[in-house]
Amino acid sequence: MAISTRFASPTGFLSRSRTVAAPTWSRWLVPPAALSVHLAIGQAYAWSVFKPPLESSLGLSGTQSALPFQLGIVMLGLSAAFGGTLVERNGPRWAMFVSMACFSSGFLLSALGVATGQYWLVVLGYGFVGGIGLGIGYISPVSTLIKWFPDRPGMATGIAIMGFGGGALIASPWSAQMLGSFGTGTGGIATTFVVHGVVYALFMSMGVLLVRVPADGWAPKGWRPREAATRRLVTTADVSARNAIRTPQFYLLWLVLCLNVTAGIGILEKAAPMIADFFSGTSMPVAAGAAAGFVALLSLANMAGRFGWSSTSDLIGRKNMYRVYLGVGALLYLAIALAGDTSKPLFIICALGILSFYGGGFATVPAYLKDLFGTYEVGAIHGRLLTAWSTAGVLGPLIINAIADGQEAAGRSGPALYTTSLYIMIGLLAVGFVANELIRPVHEKYHERPRQENVAGKGQTV
C-alpha cells in the first residue's frame, strides 16, 4: 500500500512534477512518445480481423461480433470527454500509464472470455475497459505536444494522430499472422489476445517513460506568440474547459468536426463493397482482392492526411484548412456522383482525397482548439469535442448503409445504390462549411484572468 501510494502521489513517478523537462531536453523526443501510444491504440481499426474467427468459434452473428468494437468507440468518446480534465490535472505520463493499463487489460480480459466461452467478457474487456484506454490514450499527448510546439501545433499533433490512423496497418497483418500460427479456434484467439496485451503494454511503456512536459515559461527560441496571433485566428488568452463549452465557437467546431467525420467514415466503413457495387455492371468489375487493396489505399490516405494536411494548416491557418476539407470534399463527392461507373481512376482518386480530409480533420482540430481557446485546458476541451466523433461514427455508416439497403430492396444496383447518400454527404459538408465560416475569435468574457492559476510553479489546474 505504501509503495502504490507513493507511486501515485503528487511527487510520485507518474506525477506531472516528475515529468518536467530539463533545460537540455529535446522537444523532438516527445512525438515518438506520443506515437508509441497512438500506434498501439490504433489497433482498434483492425478489429475486423477477429470477427470471422470469433463468429465461427463462438457461434456469433455479425452484429454480436461487432459489439466490442462499437462499445470501444463509444467509450473512446465518453472517456475522452469525461477524463479530459483528469488528463490535464495529472499530466501525460499518468494518462499514458492509465491508457496502457486499460488497453492491455482489455486484451487479457478478452482472452479469458474467449478461453472460457464467455463472450460478455470479451465485450467488457475490449469494449469497456479497452475503450477507456482508447479515449485516455488518444487525448493523452495532445496538450503536451501543443505546449512543446506552439510554433507548429498542427504538425506536432498530426504526427501523433497519424499513428492512430496507421496503427491498423501494423495490427492487421500481425494479428492475421498470429491467428494463422496459433489457430482460429478459441485457444488460438485467446493466445493471440494475450500476446497483444503483453506486447502493447511493453510498447506503450516507452511513451510512459519518455514523455516530458515543458517547464513554466518555456518557449521555442525566437518564437513570438503575439506575432503569430496577428497572422491568423489565434488567441493570446486562455479559456477553461468549463467556459469553452459555453461558447458558440465550441459548438460550431463540434458541428464542423462531426460533419467532416461523417462524410469520411461513410466511405471508410463501406469501402470494399462500395467500389465493388459501383463497377459491378461494367466490363471490368472489381474483384475481392482489388477491393481489399482499395481499403489499404484508403488507410494510407487517412494516415498521410493526418500529418500532411495538419502540417499545411500551420502555414495557411486552421480555418482555411477546414475550408479545403469541407469545400473540396463536397466537390469530390459531387464528382463521384456525376461520374458514376464511367471512370474507376476518378472514383479512386476522389475517395482517397475524401479519406485524407477525414484524417486531416482529426489531426487539425486540436490545433484549431488551441488557436481559439489557448493551451490552458486544451486537452480537456479536445476530449469534450470528441463526442462529435462518436456521433459521426453512428451517423455516417447509417446514412450509407440504410440508403443502399433501401435502394437494393427497390431493385436498383451499381452507382444507384449510393447516389442519394452521396448528395446527402454533399449537403452535410456544405452545412459544415457554413459553420466554419461563422467561427470568430472567442469573446474576452470567457477568458481566464492573466495566468494566476500557475501559482508557485504548481502547473495547470482544472
Side-chain angles (χ1 to χ4, degrees), residues 45-56 61-63 65-66 69-70 165 168-169 171-173 175-176 179 261-305 329-359 392-426 428:
Y45 278 150
W47 175 254
S48 60
V49 173
F50 294 110
K51 282 171 62 68
L54 284 171
E55 290 167 14
S56 60
S61 66
T63 301
S65 67
F69 173 78
Q70 291 174 319
L169 294 178
S172 184
S175 301
L179 289 170
V261 173
T262 297
I265 206 169
I267 282 187
L268 183 63
E269 190 270 342
K270 191 78 171 176
M274 187 176 184
I275 192 172
D277 289 338
F278 243 79
F279 300 98
S280 60
T282 67
S283 59
M284 297 182 64
V286 177
F294 174 63
V295 174
L297 281 177
L298 292 182
S299 296
L300 287 172
N302 177 12
M303 182 174 66
L331 294 177
L332 293 178
Y333 262 116
L334 181 62
I336 293 175
L338 295 178
D341 60 3
T342 61
S343 175
K344 197 179 299 180
L346 178 64
F347 178 93
I348 293 172
I349 290 170
C350 289
L352 291 175
I354 291 168
L355 260 295
S356 75
F357 295 160
Y358 165 81
V394 174
L395 187 61
L398 180 64
I399 292 171
I400 296 288
N401 287 294
I403 293 176
D405 290 345
Q407 296 289 0
E408 187 175 14
R412 296 184 177 87
S413 61
L417 295 174
Y418 302 98
T419 302
T420 301
S421 58
L422 293 177
Y423 282 111
I424 290 175
M425 294 300 181
I426 293 170
L428 294 178

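Source: prediction; values computed, not measured.
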Query raised in the report: Side chain of Ser175, backbone of Ser172: donor and acceptor closer than 3.5 Å?
Result: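 No.
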Requested in this report: Output yes when a side-chain donor or acceptor of Trp47 lies under 3.5 Å from a complementary backbone atom of Gln70, and no otherwise.
Outcome: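 A pair under 3.5 Å: no.
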Requested in this report: Report yes if some heavy atom in the side chain of Tyr418 is under 4.5 Å from a heavy atom in the side chain of Asp277; otherwise report no.
Outcome: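 They are in side-chain contact.
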Query raised in the report: Should Thr419 and Gln407 count as side-chain neighbours, where that means a heavy-atom distance under 4.5 Å?
Result: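 With C-beta onward as the side chain, the pair stays apart.
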Side-chain atoms of residues 338-357: list all donor-acceptor pairs with protein atoms under 3.5 Å, sequence neighbours left out, distances to 0.1 Å.
residue : atom : partner : partner atom : Å
Thr342  : OG1  : Ala339  : O            : 2.6
Ser343  : OG   : Leu346  : N            : 3.2
Lys344  : NZ   : Met284  : O            : 2.7
Ser356  : OG   : Trp309  : NE1          : 3.0
Ser356  : OG   : Gly353  : O            : 2.7

Hey, could you give me the [atom1]/[atom2] distance between [X] and [Y], rounded to the nearest 0.5 Å?
| X | Y | atom1 | atom2 | answer |
| --- | --- | --- | --- | --- |
| Leu298 | Met274 | CG | CE | 10.0 Å |
| Ile265 | Ile399 | CD1 | CD1 | 11.5 Å |
| Ser299 | Phe294 | OG | CZ | 10.5 Å |
| Leu169 | Asn302 | CG | CG | 9.0 Å |
| Ser61 | Lys51 | OG | NZ | 8.0 Å |
| Leu331 | Ile426 | CG | CD1 | 8.5 Å |

If I compare all heavy atoms of [X] with all of [Y], which pair ends up nearest, and what's the gap?
| X | Y | answer |
| --- | --- | --- |
| Val261 | Ala392 | CG1-CB, 3.5 Å |
| Thr262 | Met425 | O-CE, 3.7 Å |
| Phe278 | Pro415 | O-CD, 3.5 Å |

**Report entry** Residue list, salt bridge (Lys or Arg N to Asp or Glu O under 4.0 Å) with Glu408, at least two apart or on another chain
**Finding:**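 Result, salt bridge (Lys or Arg N to Asp or Glu O under 4.0 Å) vs Glu408: none returned.
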